[in-house]
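One structure is given below, encoded as structure tokens.
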Amino acid sequence: MNGNVPDVLEPMNPWENVYWFARMLISTDKYGAPGKNKHKMLEMLAGISQVLDDGSVDDALKLDICKSTIINLFTNSTSKMRSVKNIAFAQDICEKLHSIKDVMVLLLTIKNVVLPINLAMQSVPNSDIEFTEGIAKAYLDSMGVKGLASVINLWDDAGVNGCLSAERALVKQAFAGIRSAAEFLDQDSADWVLTAFIQEFERRLGQKRKARAGGSLENVTSFLFDYYGLAAHDKPEHFKTDIEVDKWILCKDKWLIGISCKRTLRERWKQVSSADRSVLSSFKIKQLWHLITFDADLSDDKVAALGAQNHVFYLKDDSIRLEHYLNHSVMKDFVRPMSAFIDDIKKEQGVL
């Protein structure tokens, strides 16, 4: 999300603008996200607060001075592009300031919504690996290769839960501050402020979660290689396909095997099928191995079609689907128990 701010009607309650001010301050494409510049925000707070505290001028003049302060603050920039965005922000924000109360709304937004969220976001985990490595190591230490399926399943769950727990603690801490800041407001106004804070915080947390997503099971593949001391190899030069390969290994015959670790093949079926035998052979790719922990959607047609294109599936040792395929005269060559995964790599690399 780019933080674009749509044009909205003027609110019935001026405190409704807490949300829209927050969006304007964080909008990257339109305004250059001035709210992420802590120094600029503190300057803005200090300048406007000083004007509001001046008892020698009336509210109408205070409003004009506040707008001028904002314009002056955001039109002084050494970057041409930044300057254009800053001018747009200053002009648009000033158009929404019709009274001193609107200025107070803006100040509260900066002080109690944008700056606290900025600070909290610095502590939001960028990766779930810190929550998972210890658990994964404990499983492999205790269960050996028979714990592979459990590790892969738990990696996502433990990582997601750990990150969400960290986020919840940050939200709770920051929410206490905004709730205290809104105590002087009537209930309707306070509701607009509190919900704006939560909505904006959750929007930005959602962006962070998207950034974390997708790397989790790639991380578990790296963890397994490190744990077992396996050597990874670079991606084949000029190899382009929609399929996601987490690791490559160089076999003793100088051919490559690509390894992909996913819960399910369902959403990637067409992508995977694009990597056929001729494409793989042209890049000296012997096979593509898929570690699948949820195999309920792994149909006979998928296994047969992909197996014929040099794809191999590693399924949980206690999987009913694994038993079915191992007893099949043809498909048994395309499916292996997950507990054999590490030894199979070592054999291909010539270290076992």
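Throughout, residue positions are numbered sequentially from 1 according to the sequence presented.
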Report the C-alpha distance between Leu230 and Leu224 in whole Å, list the side-chain angles of each, state the deciding distance to 0.1 Å, and finish with yes or no for side chain to side chain contact (heavy atoms under 4.5 Å, CB included). CA-CA 8 Å; Leu230 302 172; Leu224 292 175; 5.9 Å; no
Test side chain to side chain contact (heavy atoms under 4.5 Å, CB included) on Asp344 and Trp289 and set out the steps. CA-CA 11 Å; Asp344 285 351; Trp289 292 358; 3.8 Å; yes
Test side chain to side chain contact (heavy atoms under 4.5 Å, CB included) on Lys286 and Asn310 and set out the steps. CA-CA 7 Å; Lys286 181 187 296 187; Asn310 288 358; 6.0 Å; no
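- Within the 4.5 Å cutoff, the side chain of Ile110 has no heavy atoms near those of the Phe21 side chain.
- Applying the 6.0 Å contact sphere to CD of Gln173 captures no more than 12 heavy atoms from other residues, nucleotides or ligands.
- For the pair Ser27 (side chain) and Arg23 (backbone), a donor-acceptor distance under 3.5 Å is absent.
- A side chain to side chain contact (heavy atoms under 4.5 Å, CB included) with Arg321 is found for exactly one of Asp295, Leu326, Ile292, namely Asp295.
- Ile117 contributes atom CD1, which lies 8.0 Å from atom CD1 of Ile198 (distance to the nearest 0.5 angstrom).
- The two residues Ala304 and Phe334 come nearest to each other via the heavy atoms O-CE1, 4.2 Å.
- Linking Ile, Leu, Val, Met, Phe, Trp and Tyr residues whenever their side-chain heavy atoms come within less than 4.5 Å places Trp15 and Phe175 in a single cluster.
- At distances below 3.5 Å, at least one donor-acceptor pair connects side-chain atoms of Lys40 with backbone N or O atoms of Leu73.
- Heavy-atom contacts from other residues, nucleotides or ligands closer than 6.0 Å to NZ of Lys111 number 12 or fewer.
- Of the residues Lys38, Lys36, Arg204, the one that meets the side-chain hydrogen bond (donor to acceptor under 3.5 Å, both in side chains) test with Asn118 is Arg204.
- Taking 4.5 Å as the limit, every side-chain heavy atom of Glu16 sits out of range of all side-chain heavy atoms of Val105.
- Summarising the geometry, atom OH belonging to Tyr19 is positioned 4.0 Å from atom CD belonging to Gln199; distances are rounded to the nearest 0.5 Å.
- Nearest heavy-atom pair across Lys247 and Ala232 is CD-CB, 4.1 Å.
- Under the 3.5 Å distance criterion, the side-chain polar atoms of Gln349 are matched with a main-chain donor or acceptor of Ala231.
- Hydrophobic clustering of Ile, Leu, Val, Met, Phe, Trp and Tyr side chains at less than 4.5 Å, counting indirect connections, unites Met104 with Val114.
- Residues Leu288 and Ile285 come closest through the heavy atom pair CD2-CG2, 4.3 Å.
- Aromatic pair Phe283/Trp248: ring centres not closer than 6.0 Å.
- Taking the side chain as every heavy atom from C-beta outward, Leu322 and Lys316 never approach each other to under 4.5 Å.
- Nearest heavy-atom pair across Arg203 and Glu200 is NH2-OE2, 2.7 Å.
- Residue Cys66 forms a side chain to side chain contact (heavy atoms under 4.5 Å, CB included) with just one option from Ile48, Leu107, Leu97, and that option is Ile48.
- Transitive grouping of hydrophobic side chains (ILVMFWY, heavy atoms separated by less than 4.5 Å) keeps Leu250 and Trp255 in distinct clusters.
- For the pair Val103 and Val51, the minimum side-chain heavy-atom distance is 4.5 Å or more.
- The structure places CD1 of Ile93 at 8.0 Å from OG1 of Thr109, a figure rounded to the nearest 0.5 Å.
- Residue Val351 is not grouped with residue Leu256 when hydrophobic side chains (ILVMFWY) are merged at heavy-atom distances under 4.5 angstrom, including chains of intermediate members.
- Side-chain contact between Asp92 and Lys30 is present, with heavy atoms from C-beta onward closer than 4.5 Å.
- Considering every non-hydrogen atom in both Ala120 and Phe201, the closest pair reads CB-CZ, 3.5 Å.
- Side-chain contact of Asp141 with Tyr227: a donor-acceptor pair under 3.5 Å is present, judged by distance alone.
- Remark: the backbone N or O of Leu61 is paired with a side-chain donor or acceptor of Asp58 at under 3.5 angstrom.
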Go through Ile178 and Leu108 one step at a time and tell me if the side chain to side chain contact (heavy atoms under 4.5 Å, CB included) criterion holds. CA-CA 9 Å; Ile178 188 66; Leu108 182 140; 4.1 Å; yes
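- In this structure, Val330 is a member of the same hydrophobic cluster as Val335, with clusters built from ILVMFWY side-chain heavy atoms closer than 4.5 Å.
- With rounding to the nearest 0.5 Å, the separation of CE in Met143 from CG in Leu148 is 9.0 Å.
- In Glu323, the CD atom is not crowded: 12 or fewer heavy atoms of neighbouring residues, nucleotides or ligands sit closer than 6.0 Å.
- Ser282 contributes a side-chain N or O that, together with a main-chain N or O of Val279, makes up a donor-acceptor pair within less than 3.5 Å.
- For the pair Asn112 (side chain) and Ala181 (backbone), a donor-acceptor distance under 3.5 Å is absent.
- The shortest side-chain heavy-atom distance between Gln309 and Leu280 does not fall under the 4.5 Å cut-off.
- Counting heavy-atom neighbours within 6.0 Å of Lys284 NZ, excluding the residue itself, gives a total above 12.
- The ring pair (Phe, Tyr, Trp, His ring centres under 6.0 Å) with Phe341 is formed by just one residue from the set Tyr314, Tyr228, Phe313; it is Tyr314.
- Between the CD1 atom of Ile71 and the CD1 atom of Ile87 there is a distance of 8.5 Å, given to the nearest 0.5 Å.
- Taking all atoms of both residues into account, the shortest heavy-atom contact from Pro14 to Lys101 is CG-CD, 3.4 Å.
- With Thr195 contributing its side chain and Trp192 its backbone, the two residues share a donor-acceptor pair below 3.5 Å.
- Annotation: Leu42, atom CG; neighbour count of heavy atoms from other residues, nucleotides and ligands within 6.0 Å is above 12.
- Within a 6.0 Å radius of CZ in Phe225, other residues, nucleotides and ligands contribute more than 12 heavy atoms.
- Between Leu106 and Lys96 the shortest side-chain heavy-atom distance does not fall below 4.5 Å.
- Lys208 is listed as a side-chain neighbour of Asn126, based on a closest heavy-atom distance under 4.5 Å.
- Between the CG atom of Leu170 and the CE atom of Met121 there is a distance of 9.0 Å, given to the nearest 0.5 Å.
- Judged purely by atom type and a 3.5 angstrom limit, Asp246 uses its side chain to pair as donor or acceptor with the backbone of Cys261.
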Step-by-step salt bridge (charged side-chain N to carboxylate O under 4.0 Å, His left out) determination, Asp53 to Lys62: CA-CA 9 Å; Asp53 291 340; Lys62 283 183 180 180; over 6 Å; no
